[in-house]
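Working notes, beginning with the structure itself.
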Amino acid sequence: MTVAASSRSDDESPLDCLIIGGGPAGLTAAIYLARFRLSIRIIDAGQSRASLIPRTHNHAGFPGGITGLDLLGRMRSQAEEFGVDIVSGAIESLARAETGFVARSGARKWRARSVLLATGVVNNRPPMASDLHDIALQRGLLRYCPICDGYEVTDKCIAVIGTQTHGHNEALFLRMYSADVTLISPAGGYALSSTERQRLVEAGVVLQDGPCEPLTIDGDHILVPIPGGVARFDTAYPALGSAIRSELATELGATATDEGCLVVDPHQRTTIASLYAAGDVTKGLDQISHAMGEAGVAATTIRNDLAAIAPLLR
């Protein structure tokens, strides 16, 4: 069941596991842990990137594709079949405690023997009005994941907005789908190595200086302002990086990469005892299938680690 943000108290025994984040990783872990008959709860801020996906075609098992909201809805329903509570809210702090951890959201708090972070990341958006951004995303005029949907832009006129190695890599990746790819620097200058620039030129990728703001829509095209005019594209990919939601762990001292991704062992343990992480908040392939796989590993590890402390008897 989905529980209203104000309806839960902390006057209960510590949970076996508190899951922070209700995207594909958090929901998959919840299904596993509930079926292991552990006491769990999900605290979900409702900001999963999966909810923004108009339709994914590379998630196995859904011929014709499935929308992100539909996929999340199905996963929530499946978790609820096993009694999982999903509480709406954002965890503001996480602290060590005698019983494991205490998580707080406003006046509410939850105690748990273990915590799984499935908090994901936030894409850095291009300069664009918020309402137009959402429309462009739904219509496929703006896309964030070439691994997910590069196939859908085959032979289209594609803009990649970005610089440095990330922009270089994304432009070359999309070049295998279309001969019409332009890499646009959002602020002028690409910060490319001579080798990267040469590879782009040899691949036929057009290099275009910015600035390129704000992006707008005209019919079936996305418009990107450039010096001297406005360029029209069938779709645009922002390659502007992302903000990793790992601060709850790093504030406890968990090790993270320079980008902010949590470092985990092969069993999804962070460097903090009893604190686990799965999905895009860790370093790896930002794909739903990958997040779900990590969640299955994390949930099984959590069960086994708890059982090593004391037998799980019912």
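If you're wondering where the values come from, they're calculated on a predicted model, not measured in any experiment.
- Val160 and Val224 are not part of a single hydrophobic cluster, where members link through side-chain heavy atoms under 4.5 Å apart.
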Would Leu215 and Leu132 satisfy side chain to side chain contact (heavy atoms under 4.5 Å, CB included), going step by step from the backbone distance to the final call?
CA-CA 9 Å; Leu215 275 63; Leu132 283 182; over 6 Å; no
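- Taking CG of Leu141 as the reference point, atom CD of Gln138 lies at 11.0 Å (rounded to 0.5 Å).
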Leu192 vs Thr163, side chain to side chain contact (heavy atoms under 4.5 Å, CB included): CA-CA, chis, key distance, verdict
CA-CA 7 Å; Leu192 298 169; Thr163 60; over 6 Å; no
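- Other residues, nucleotides and ligands contribute only 12 or fewer heavy atoms inside 6.0 Å of the CD atom of Glu98.
- Each of Leu142, Leu183, Val181, Leu174 was compared with Tyr237 under the side chain to side chain contact (heavy atoms under 4.5 Å, CB included) criterion, and only Leu174 meets it.
- Enclosure of atom CZ in Arg96 by more than 12 non-hydrogen atoms of other residues, nucleotides or ligands within 6.0 angstrom is indicated.
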In sequence, state the C-alpha distance, the side-chain angles, and the governing distance for Ile43 and Trp110, and then conclude on side chain to side chain contact (heavy atoms under 4.5 Å, CB included).
CA-CA 10 Å; Ile43 312 299; Trp110 295 268; 3.8 Å; yes
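- When only modelled atom types and interatomic distance are considered, Tyr151 and Asn58 share no side-chain donor-acceptor pair under 3.5 Å.
- Of the possible polar contacts, none joining the Asn123 side chain to the Arg125 backbone as a donor-acceptor pair under 3.5 Å is found.
- If you take CE on Met128 and CD1 on Ile222, they are separated by 4.0 Å, rounding to the nearest 0.5 Å.
- The shortest distance between side-chain heavy atoms of Cys157 and Arg232 does not fall below 4.5 Å.
- Using a 4.0 Å cut-off between charged nitrogen and carboxylate oxygen, Arg139 and Asp220 count as a salt-bridge pair.
- As a member of the Ile/Leu/Val/Met/Phe/Trp/Tyr network built from side-chain separations under 4.5 Å, Ile31 groups with Phe82.
- Judged by distance alone, with hydrogens and angles left aside, the side-chain atoms of Thr282 form no donor-acceptor pair with the main-chain N or O of Ala277 at under 3.5 Å.
- When every heavy atom of Leu27 is checked against every heavy atom of Ala79, the shortest pair comes out as CD2-CB, 4.5 Å.
- Taking the side chain as every heavy atom from C-beta outward, Glu294 and Tyr276 never approach each other to under 4.5 Å.
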Check step by step if side chain to side chain contact (heavy atoms under 4.5 Å, CB included) holds for Ser114 and Ile302.
CA-CA 7 Å; Ser114 65; Ile302 290 166; 3.5 Å; yes
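- Note that OG1 of Thr301 is 5.5 Å distant from CZ of Arg269, once rounded to the nearest 0.5 Å.
- Rounded to the nearest 0.5 angstrom, Asn124 CG and Tyr144 OH are separated by 8.5 Å.
- Counting only N and O atoms by type, the side chains of Thr165 and Glu196 include a donor and acceptor under 3.5 Å apart.
- Through direct or indirect side-chain contacts shorter than 4.5 Å among Ile, Leu, Val, Met, Phe, Trp and Tyr, Val230 is connected to Leu223.
- No side-chain heavy atom of Val122 sits less than 4.5 Å from a side-chain heavy atom of Gln47.
- If you check the side chains of Asp16 and Ser39, you find a donor sitting under 3.5 Å from an acceptor.
- Expressed to the nearest 0.5 Å, how far CG of Asp234 lies from CZ of Arg143 amounts to 10.0 Å.
- For Arg175, the salt bridge (Lys or Arg N to Asp or Glu O under 4.0 Å) test picks out no residue, with sequence neighbours left out.
- Residue Leu240 comes nearest to Pro186 through the heavy atom pair CD2-CG, 4.1 Å, listed as atom of the first residue, atom of the second, then distance.
- Side-chain contact check for Glu259 and Thr257: at least one donor-acceptor pair (N or O, by modelled atom type) lies under 3.5 Å.
- Both Ile288 and Tyr32 are part of a single hydrophobic cluster, where members link through side-chain heavy atoms under 4.5 Å apart.
- A distance-only check finds a donor-acceptor pair linking the side chain of Thr271 to the backbone of Thr255 [under 3.5 Å].
- Using bins of under 30°, 30° to 60° and over 60° for the plane-to-plane angle, the ring pair His59/Phe62 lands in the parallel bin.
- To the nearest 0.5 Å, the span separating CG on Leu306 from OG on Ser274 amounts to 7.0 Å.
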